[in-house]
Amino acid sequence: MTQDSSTYWKKSRVEVRAAGFDPDRAAQATAIVTIASAWTNAHRCNNRVRAITDLLVDLIAARGGQGLVVGAPAVSDALTQGTPTAGYSLVSRDVAADCFEIGHYAHHGDAMIVISGCDKTGAAALMPLARTNAFGLVLYPGTSSPGRVDFGPWARKGTNLTIMDWAEGRAAREAGRITAEEFDALERNVLPGSGTCGAMFTANTMSTIAEAIGMMLPHGASHPADRGAAGGIHEDVAAQARASVDALYRLMEQGIRPRDIMTERAFENAITTVYAMGGSTNMYLHLLAIAREAQVPIGIERIQAIGEKVPLLANLQPHGPYAMTSLHAIGGVPIVMKELLQAGFLHGDVMTVTGKTLAENLADVPTLDKLGQQDIVRPVKDPIAPANNHISVLKGNLAPESCLLKLSGKTLEKGVFRGTARVFDSEANAMKAIRAGEIVKGNVVVVRNVGPVGGPGMPEMVMLTIQLQGRGLGEDVALITDGRFSGVSHGILIGHISPEASKGGPIAAVRDGDAIVIDPKKRTLDLDVPDAEIARRMASWTAPDATRVRPGSVHHKYVRLVSSAHYGCIV
Ligand code: FES
């Protein structure tokens, strides 16, 4: 793509005029800025994106530039999880990235601001920036403000209740552990307005990565979206939008492009920070996809090797009590990064979208001892959990490529979990069994044929993990799957099992009653069945019926292109 591609838009006077622009002014535009905007009014995560888009158009115009808007689908995981359309979520990551690439080039953009949001739009924010290498950065529409109620364990969390508390409350209500009135109070209070799921779930994992990798302005990953459903965008979002346009023009003046920022060392910083924050397992898929776009050689074992050295510092849900906005109030992600930098965990010399290095950005950020009494971010010398207790990459005869174990800072009581398999070929059947009380302590719930091809689209098994937590089984039942988990999920969880069952992975060989062993220390996931017996079972395995995916549909294309989770489900 030629660097003066915007000339074509500026010279298209008849088109420009017909679209409502002044052709003389368009011809003089200081820059054509693609505003990559996955707006929808369908859900709280991205419903503020249009207001931010309009603000950016005005801010760019004030600099003599022209903002041109490109849309893309924004799939809410909360609206799709546990439903027949859950398989559209991960697919939408790549579709959105493609939409932004297409719009940017088709409209002849010089630069790009991507407004992220719900999980997949967070991943899809960095992918087109890395792919096109157009001057640009990411702006976050914000996370949801938390709420409070005055009963049970929820009251003890104070003003830190998020969608996770509502979801676990729903399971507790089903199990008869809370009253209808109490559940209603949760529903009315956990989400006072717009914003992404409000703690260290996948959207905030991805905003943290965008900030930590240097592609978002400091303190940009944690602000609330608004002050209530009836109001406008939060003033911190508006301030970030103004500062982002200023930063974009600086990047153009200084000639700093995304791939000057998203270097291998910057990826190492992002991985370190997101581990210290307790990010979601989805980070693996998305980091691998972004690294592919940035042409950086980061594979799954490298993420593991970096992450396993990092202690858990941020006391955020799902592993801790606090919401993301609590972190924002004490200074946000830079507070965590300052602690990590001082302890030697980060590269301070990498470039960022401020036009300065990370160390320069963090120079004036207060150290933890200057913050006074707080329990939201802990020091490296007194972490919430020592290194190697969050997410680990495992292998074994059940996962010859890899799988991910999420312990969220907890340690298995006996060091190893050995349980009895209860096998389900769909999320719905597993849910039925949990609800019927058929899953008991010592079980390993196996949910298969829900991988990238099997799903199709690798849906999140979050509703199952919430049911287990809500029924008090989170510490005594493991769940393993070739599907994914939400950032909300916690417990003894193994996802991303690769190869997946639908591609002939050995998870397809598991039978009810088999013994399954999870060993975090050895980083293994094994079926305790002789190899010859596994081979005998796999000899009768058949691939899923190809006609289950409608020809011509997006899933039809997806299942032919998608890689395994081991490689990030890239297409
Ligand atoms: Fe959008 Fe959780 S559903 S961030």
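Atoms within a ligand are numbered from 1 in the order they appear, just like the ligands themselves.
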* Structure fact -> Protein neighbours of ligand 1 with a heavy atom under 4.0 Å, given by chain and number, are Arg44, Cys45, Ser76, Asp77, Ala78, Cys118, Asp119, Thr196, Cys197, Ala203
* Does the Asn204 side chain pair with the main chain of Ala199, one donor and one acceptor, at a distance under 3.5 Å? -> yes
* **Short N-O contact, Arg227 and Asp236, less than 4.0 angstrom** => no
* State yes or no: are the ring centers of His496 and His566 separated by less than 6.0 Å? => no
* Would Arg378 and Glu339 count as a salt bridge (Lys or Arg N to Asp or Glu O under 4.0 Å) if you check the C-alpha gap in whole Å, the side-chain angles of each, and the deciding distance to 0.1 Å? -> CA-CA 9 Å; Arg378 299 269 278 272; Glu339 174 67 8; over 6 Å; no
* Asked: Looking only at atom types and distance, does a side-chain atom of Tyr284 sit under 3.5 Å from a main-chain N or O of Cys403, one as donor and one as acceptor?
  -> no
* To do: For the pair Asp226 (side chain) and Ser194 (backbone), establish whether a donor and an acceptor sit closer than 3.5 Å, ignoring hydrogens and angles.
  => yes
